[in-house]
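Notes to accompany the following structure.
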Amino acid sequence: KSYHIFRHPEGGRKDVLRWNAENGRTIAELEIYRPGGEFESSAVSDAIRAIETKFGPVTLLSPPAADRTCLGFLKTVDQPALRISGFVCHGETLPARGAAIACMLNRLSLIAAGNDAKLAELFARAELKRADCRTDWVSGSDRPVLRGAI
């Protein structure tokens, strides 16, 4: 596990969390970016589908050709300006990796917002939508829950 904070002279802040396997290979990365004056938005061209999380729909991104074992994700929020992105390499299938992404984002909590009331409100509203990470024995991790979890 590692946690790094990067600050830009024009006001941006990027928090990067990484989880590594015992062999040192990164199995998940989460980047939370609060842009400042340096930010330029870009269009997403490699989206494959969206998943639902406590932050609303999150775009899943096609894995790079060099590494088909990982699945990327991106969520942008206009107010407050926020971008949550990263990748997960945990899970045997794309639906399993999508479920791992949803679970990781649903477990994300805000410890302190400083003086940013909009950020605190975003996380407070998202917390009301937090979903359970358990899987369903009938439908699997990529389908709606049809029966209760075991």
Side-chain angles (χ1 to χ4, degrees), residues 1-8 11-36 38-78 80-114 116 118-137 139-145 149-150:
K1 298 177 187 176
S2 67
Y3 177 46
H4 298 280
I5 299 171
F6 302 96
R7 294 188 184 267
H8 193 277
R13 175 183 167 143
K14 186 183 294 186
D15 293 55
V16 180
L17 295 88
R18 285 191 186 101
W19 293 267
N20 295 327
E22 289 194 19
N23 64 7
R25 181 174 179 261
T26 301
I27 56 171
E29 179 176 292
L30 175 66
E31 180 180 296
I32 303 167
Y33 176 47
R34 296 293 317 272
E38 77 285 357
F39 183 69
E40 292 181 24
S41 82
S42 58
V44 176
S45 61
D46 55 349
I48 55 174
R49 71 179 182 120
I51 58 170
E52 199 58 41
T53 71
K54 73 179 190 175
F55 296 103
V58 172
T59 303
L60 297 181
L61 307 172
S62 298
D67 190 359
R68 293 281 181 206
T69 62
C70 298
L71 182 62
F73 63 92
L74 174 66
K75 173 66 178 178
T76 57
V77 178
D78 292 331
L82 178 71
R83 185 177 72 196
I84 303 171
S85 62
F87 62 87
V88 167
C89 305
H90 180 71
E92 296 295 318
T93 64
L94 284 177
R97 289 183 209 116
I101 290 168
C103 192
M104 178 172 60
L105 294 178
N106 285 336
R107 290 180 174 170
L108 191 61
S109 296
L110 180 67
I111 295 173
D116 194 335
K118 289 183 180 184
L119 182 64
E121 181 182 353
L122 172 72
F123 273 83
R125 289 186 186 275
E127 196 59 32
L128 297 173
K129 302 175 198 169
R130 179 189 292 257
D132 191 356
C133 290
R134 292 178 289 177
T135 58
D136 181 285
W137 66 275
S139 63
S141 61
D142 64 331
R143 296 183 188 96
V145 177
I150 294 179

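Atom set for the values below is all heavy atoms of this structure, side chains included, hydrogens, waters and symmetry mates excluded. Residues take their numbers from the sequence shown, with the count starting at 1.
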> With sequence neighbours excluded, what pairs up with F87 under the ring-ring contact (aromatic ring centres under 6.0 Å, His included) test?
Replying inline: none
>> Counting C-beta onward and ignoring hydrogens, is there a side-chain heavy-atom pair between L17 and S2 closer than 4.5 Å?
In response: no
>> Taking the side chain as everything from C-beta on, heavy atoms only, tell me whether R13 gets closer than 4.5 Å to I5.
In response: yes
> So do I27 and E22 actually touch side chain to side chain, heavy atoms under 4.5 Å?
Replying inline: no
> Taking only residues two or more places apart in sequence or in another chain, which ones pass side chain to side chain contact (heavy atoms under 4.5 Å, CB included) with R125?
Replying inline: E121
> For the atom pair SG (C89) and CD (E29), what is the distance rounded to the nearest 0.5 Å?
Replying inline: 9.5 Å
> Counting N and O atoms only, with roles assigned by atom type, does the side chain of R97 sit under 3.5 Å from a partner on the main chain of L71, one being a donor and the other an acceptor?
Replying inline: no
>> For T53, give me all partners under side chain to side chain contact (heavy atoms under 4.5 Å, CB included), at least two apart in sequence or on another chain.
In response: I51, F55, V58, A102, L105, N106
> Could you go step by step and tell me if E31 and R83 meet the salt bridge (charged side-chain N to carboxylate O under 4.0 Å, His left out) rule?
Replying inline: CA-CA 8 Å; E31 180 180 296; R83 185 177 72 196; 3.4 Å; yes
> Okay, side chain of K54, backbone of L108: is any donor-acceptor separation there less than 3.5 Å?
Replying inline: yes
> Can you name the nearest heavy-atom pair linking W19 to K1, along with the distance?
Replying inline: CD1-CG, 3.6 Å
>> Could you report the tightest heavy-atom contact between S109 and R130, atom names first, then the distance?
In response: OG-NH2, 3.3 Å
> Heavy-atom distance under 4.5 Å between the side chains of L82 and I32, does that happen here?
Replying inline: yes
>> Quick check: closest heavy atoms across L74 and S85, and the distance to 0.1 Å?
In response: CD1-CB, 3.9 Å
> So which heavy atom on L110 is nearest to which on A120, and how close?
Replying inline: CD2-CA, 3.8 Å
>> Is there a side-chain contact between R18 and H4 in this structure, where contact means two heavy atoms from C-beta onward sitting under 4.5 Å apart?
In response: yes
>> Show, in sequence, the C-alpha distance, side-chain angles and deciding distance for D15 and R34, and conclude whether the salt bridge (charged side-chain N to carboxylate O under 4.0 Å, His left out) test is met.
In response: CA-CA 9 Å; D15 293 55; R34 296 293 317 272; over 6 Å; no
> If you take all heavy atoms of I101 and G72, which pair is closest and at what distance?
Replying inline: CD1-O, 4.2 Å
>> Contact between P57 and K75 at the side-chain level, heavy atoms closer than 4.5 Å - yes or no?
In response: yes
>> side chain to side chain contact (heavy atoms under 4.5 Å, CB included), that's the test. Do L30 and F73 meet it? Break it down for me.
In response: CA-CA 9 Å; L30 175 66; F73 63 92; 3.8 Å; yes
